[in-house]
Chemist: 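Here it is: the structure, laid out below.
Side chains are part of it too, since the values below use all heavy atoms of this structure and drop only hydrogens, waters and symmetry mates. Throughout, numbering of the chain's residues begins at 1 and tracks the sequence.
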Amino acid sequence: MNAVTDAKTGGGVLELSGLRETDRDRYLACLLTPADRRDAVAALYAFNAEIARIRDLVREPLPGEVRLQYWRDLLAGAAHGATEANPIAAALLAAIHHHHLPVSALNGMLDARVFDLYDDPMEASAMFEGYAGETAAALIQLASVVLDPEAAAGTATVAGHAGVAQAIAGALLLLPTHRARGQLYLPLEILSAVGLDRDSFLAGQDKVRISAAVEAFAGLGRDHLRKARDAGPPPRSLVPAYLTVALAEGVLLAAQKRGADVLDAGLRQPQWRRQLRMLSASVKGSF
């Protein structure tokens with residue numbers, strides 16, 4: 001069976017990629033995407049989910065580097081074995097071919113994900129913004145190219161800010177997981193400003209300073225979200241690419257309210273609430 005088939009048959013990439021399990025929010029966003037673009041967008045989201053979860057699947061960086069290299073080889077036309085054996089790979093190649101997606105952006109995503117494999121710190125906010133630009137913002141832009149390439153050409157600014165806001169919300173959601181394995185995405189620049197370092201933040205003892213750091217990081221996310229909105233709503237044809245961004249504000253506001261408590265308790269809202277938020281964003285045409 002071809003990896004990219006009519007979704008009505010139940011055999012499309014939405015099912016084959018396991019996107020429902022690896023990234024439920026983007027899976028639901030795909031259901032609100034025009035049917036003729038849905039498989040290609042789902043292929044991008046499935047690719048993103050695969051490379052984002054590599055750290056969860058390996059115990060050492062080297063096996064993670066090998067997994068990333070597989071995707072680099074695929075994009076370079078040097079795939080190992082039959083591509084059809086990997087439905088995500090087959091669907092991604094189909095999306096690249098049919099929608100003329102820039103391979104450089106996909107390689108940029110892979111390069112950025114090397115950071116996930118190690119416990120090196122984010123030195124400054126600008127470093128995190130660069131990471132977010134190569135990951136979350138790039139994914140928004142790639143999905144936009146699939147949806148409407150002409151409209152996508154003029155949305156780099158809004159996608160950039162939206163992607164940073166989304167990445168900060170994602171890092172806050174995963175704080176308990178990252179902390180458990182000694183990993184930290186909050187920039188040292190922010191920690192230093194409130195009198196903390198990496199170890200003291202991860203230790204979780206100084207609740208007042210930790211709360212200040214969390215609030216500042218979430219505030220950075222809200223600032224980028226405001227800038228994205230100030231740039232104006234995306235063209236209607238591109239709204240599906242921004243649906244998961246609509247979930248960021250709730251996370252950022254909750255993090256600022258709960259402060260240090262986010263180290264131990266997750267910020268993720270119930271699925272039904274997230275689903276309604278994305279549906280509302282789809283109807284309104286904004287995030």
Chemist: How are the rings of F217 and F128 set to each other: parallel, tilted or perpendicular (split at 30° and 60°)?
Modeler: perpendicular

Chemist: Between the main-chain N or O of R274 and the side-chain N or O of Q269, is there a donor-acceptor pair closer than 3.5 Å?
Modeler: no

Chemist: Compare all side-chain heavy atoms of L263 with those of V214 and state whether any distance is below 4.5 angstrom.
Modeler: no

Chemist: I'd like to know if D261 pairs up with R258 as an ion pair, taking the criterion as any Lys NZ or Arg NE/NH1/NH2 lying under 4.0 Å from an Asp or Glu carboxylate oxygen.
Modeler: no

Chemist: Might you confirm whether atom CZ of R59 has over 12 heavy atoms from other residues, nucleotides or ligands at distances under 6.0 Å?
Modeler: no

Chemist: Quick check: is L110 connected to I140 through a chain of hydrophobic side chains (ILVMFWY, heavy atoms under 4.5 Å apart)?
Modeler: yes

Chemist: Is any side-chain heavy atom of D197 closer than 4.5 Å to a side-chain heavy atom of L191?
Modeler: no

Chemist: In the structure I gave you, are the side-chain heavy atoms of Y131 and D116 within less than 4.5 Å of one another anywhere?
Modeler: yes

Chemist: Which side-chain hydrogen bond (donor to acceptor under 3.5 Å, both in side chains) pairs, counting each pair once, include a residue from residues 161-173, with sequence neighbours left out?
Modeler: H161-H224, Q166-T244

Chemist: Quick check: do L139 and F47 have side-chain heavy atoms less than 4.5 Å from each other?
Modeler: no

Chemist: Between R181 and D119, does the salt bridge (Lys or Arg N to Asp or Glu O under 4.0 Å) criterion hold? Intermediate values first, please.
Modeler: CA-CA 9 Å; R181 62 192 183 203; D119 296 332; over 6 Å; no

Chemist: Working note: I210 + Q205, criterion side chain to side chain contact (heavy atoms under 4.5 Å, CB included); need CA distance, chi angles, decisive distance, verdict.
Modeler: CA-CA 8 Å; I210 291 170; Q205 299 301 314; over 6 Å; no

Chemist: Please report the shortest heavy-atom distance between E65 and Y118, naming the atom on each side.
Modeler: OE2-OH, 2.9 Å

Chemist: Tell me if a side-chain donor or acceptor on S211 pairs with a main-chain N or O of A260 at a distance below 3.5 Å.
Modeler: yes

Chemist: Is any side-chain heavy atom of L106 closer than 4.5 Å to one of I96?
Modeler: yes

Chemist: Has R26 got a side-chain atom pairing as donor or acceptor with Y45's backbone, closer than 3.5 angstrom?
Modeler: no

Chemist: Quick test of your reading of the model: are D56 and R53 salt-bridged, counting only N-O distances below 4.0 Å?
Modeler: no

Chemist: Should we say atom NZ of K207 is surrounded by more than 12 heavy atoms from elsewhere, each under 6.0 Å from it?
Modeler: yes

Chemist: Ignoring hydrogens and geometry, is there a side-chain-to-backbone donor-acceptor pair from R113 to I51 under 3.5 Å?
Modeler: no

Chemist: Can you list everything that forms a ring pair (Phe, Tyr, Trp, His ring centres under 6.0 Å) with F201? Sequence neighbours excluded, please.
Modeler: none

Chemist: Without hydrogens or angle criteria, can the side chains of N107 and S104 be said to hold a donor-acceptor pair below 3.5 Å?
Modeler: no

Chemist: If you look at every heavy atom in A281 and S286, which pair is closest and at what distance?
Modeler: CB-O, 3.1 Å

Chemist: In a table with atom names and distances, give each donor-acceptor pair under 3.5 Å that connects a side chain of residues 247-256 to protein atoms at least two apart or in another chain.
Modeler:
from	atom 1	to	atom 2	distance (Å)
E249	OE1	R229	NH1	3.4
E249	OE1	R229	NH2	3.1
E249	OE2	R229	NH1	3.1
Q256	OE1	R222	NH1	2.8
Q256	NE2	E215	O	3.2

Chemist: Any side-chain heavy-atom pair from P235 and T155 closer than 4.5 angstrom?
Modeler: yes

Chemist: In the single-linkage hydrophobic clustering (I, L, V, M, F, W, Y; side-chain heavy atoms under 4.5 Å), do L276 and L28 co-cluster?
Modeler: no

Chemist: Is a salt bridge present between R179 and D264, judged by a nitrogen-to-oxygen distance below 4.0 Å?
Modeler: yes

Chemist: Do L74 and W71 touch side chain to side chain, with heavy atoms closer than 4.5 Å?
Modeler: yes

Chemist: Do P121 and L188 have side chains that approach each other closer than 4.5 Å (heavy atoms only, starting at C-beta)?
Modeler: yes

